[in-house]
Amino acid sequence: MIYPTIQTEDPAVYEIMKREEQRQKEGIELIASENYVSRAVLEAMGSTLTNKYSEGYPGKRYYGGNEIIDQVESLAVERAKQLFNAEHVNVQPLSGSPANLAVYMGLLNPGDKVLGFSLDQGGHLSHGHPLNFSGKLYTIIPYFAEKETEVIDMDKVEEIALREKPKMILAGFSAYSRDFDWKRFKAIADKIGAFTFADIAHVAGLIAGKQLENPVPYFDVVSTTTHKTLRGPRGAMIMCKEQFASAIDKAVFPGVQGGPHDHINAAKAIAYGEALKPEFTNYAAQIIKNARALATALQGKGYRIVSGGTDNHLMLVDLFGSKQITGKEAEKCLEHVGISINKNMIPFDPRKPMDPSGIRVGTPAVTTRGCMEKDMQTVADLMDEALMNRSDENKLTEIKEKVKQFALRFPVPGVE
Ligand code: DSN
């Protein structure tokens, strides 16, 4: 651990931080939305830039002393523009849901109709869940995956869009393993004059790394978190066409947020700089190769992968359907041996969200640590061994040690 001041000044917090760092080193991280950031990103988040208030935008702030902070924010904006070929970027959103709230506020009025991917099929809370601001304030028309293929049928999306005529079409997901047909979404929206909004939070790094198609050049607005495959700090950003720049900026500040987090914006600039390097393309390509290898290895052990495979960094495993193990049981058992995944609904899940049929598994974090395709077979073997011995405490202790020995072969960037 490299926080000597915390160790002397506040041993109680230090002890907790040390245990979490150890957990991250000794475990296999397969949560699809998590990653390990670089030392440079970590340092920026712990820097004196956290001391500043800077409500407003570069050159137009409500506080004095922002001439240097302006440079940090502008640098992050310029790098993001280059990375995604964007006309306008707002790097201030504090996280994914506030970013999405700002997009709704910037483009719509309460009550307007929005077409969004249903949460229980792989969408996100902020895409229209009844308990979320999106479902409470807007009229959400869901689209679904097909029961047979577990893939979205774009002809059906078009049918719903032509019938319902939403004011905005939201394309994006948090648990879907197939590529999104951004161009078709745009073509459908054009037929009815709807705004196009893509939420690329999960795949932003795969897009920046040139492995998946980029919707930014032709969608009206695109939001993303910055801490998933993009491997930056906790946060988000919004990219849009110049014509929506003013509406989006006003919606972020003063619409949804006050002062931006300048230390995080510095970390975003660093992460975008890292993603602009040629080696990030190799990283993004390896994430997908690893996800495919892991899906194949799990299939080889009799686990059913939803839709039969993956085009990105994640997969949904139908554990209940293939092994009569619930997602909740699996999450608990795997956590016990140091493998982190999350329980997840599968499309048309007969079970409930807190104890669904599936788990979601992703490869961004293990790929950052240097795992390759051949290592995915070991990961699948360890997962299977734990799940098959989930009632045998002694066996699980043995497997936990195997997980640790495997994980320690791969250094954690940022701490080692
Ligand atoms: N919580 C994120 C995820 O895990 O997909 C989405 O916000």
Side-chain angles (χ1 to χ4, degrees), residues 24 27-37 93-104 114 116-135 140 142 145 152 170-180 197-208 212 221-238 256-257 264 268 271 287-288 291 294 306-307 310-317 327-328 330-331 334-335 339-347 349 353-354 356 358-368:
Q24 292 189 14
I28 301 176
E29 184 51 72
L30 296 172
I31 291 180
S33 47
E34 294 186 10
N35 214 329
Y36 300 98
V37 298
L94 304 179
S95 206
S97 286
N100 288 353
L101 173 57
V103 176
Y104 281 84
V114 176
F117 192 26
S118 182
L119 175 73
D120 59 1
Q121 302 253 313
H124 184 253
L125 280 171
S126 62
H127 299 179
H129 190 275
L131 296 178
N132 184 262
F133 76 84
S134 51
I140 304 294
I152 296 167
L170 202 175
F173 61 89
S174 66
Y176 185 72
S177 63
R178 294 306 184 179
D179 205 6
F180 253 57
F197 170 25
D199 177 345
I200 60 167
H202 264 267
V203 286
L206 304 180
I207 292 169
L212 296 180
V221 183
V222 177
S223 72
T224 182
T225 47
T226 45
H227 48 268
K228 297 187 176 93
T229 47
L230 195 50
R231 212 165 57 181
R234 292 266 143 178
M237 68 171 157
I238 303 174
V256 172
Q257 298 181 180
I264 299 296
K268 285 175 188 170
I287 291 175
I288 299 176
L294 184 55
V306 167
S307 85
T310 178
D311 298 324
N312 56 30
H313 61 301
L314 69 81
M315 68 212 71
L316 289 172
V317 187
K328 187 175 163 184
E331 186 183 279
L334 293 172
E335 182 180 75
I339 299 176
S340 300
I341 51 88
N342 64 277
K343 57 182 171 292
N344 215 99
M345 300 279 275
I346 62 168
D349 202 325
M354 282 312 286
I359 57 172
R360 187 184 65 163
V361 178
T363 53
V366 288
T367 306
T368 292

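For ligands, and for the atoms within them, numbers begin at 1 and follow the listed sequence. Values below: all heavy atoms of this structure, side chains included; hydrogens, waters and symmetry mates excluded.
Using modelled atom types, one finds a donor on one side chain and an acceptor on the other under 3.5 Å when comparing R360 with N342. A donor-acceptor pair shorter than 3.5 Å cannot be found between the side chains of N132 and S126. Side-chain contact of R231 with T368: a donor-acceptor pair under 3.5 Å is present, judged by distance alone.
Every residue two or more places apart in sequence or in another chain that forms a side-chain contact (heavy atoms from CB on, under 4.5 Å) with Q24 is listed here: E20, Y36.
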Report the C-alpha distance between F180 and I200 in whole Å, list the side-chain angles of each, state the deciding distance to 0.1 Å, and finish with yes or no for side chain to side chain contact (heavy atoms under 4.5 Å, CB included). CA-CA 10 Å; F180 253 57; I200 60 167; over 6 Å; no
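Separating the CE atom in M315 from the CZ atom in R178 is a distance of 10.5 Å, to the nearest 0.5 Å.
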List, for ligand 1, each N/O atom that has a protein N/O partner under 3.5 Å away, with both atom names and the distance.
| unit_1 | atom_1 | unit_2 | atom_2 | d |
| --- | --- | --- | --- | --- |
| ligand 1 | 4 (O) | S33 | OG | 2.7 |
| ligand 1 | 4 (O) | R360 | NH2 | 2.8 |
| ligand 1 | 5 (O) | H202 | NE2 | 2.7 |
| ligand 1 | 5 (O) | R360 | NH1 | 2.9 |
| ligand 1 | 7 (O) | H124 | NE2 | 2.8 |

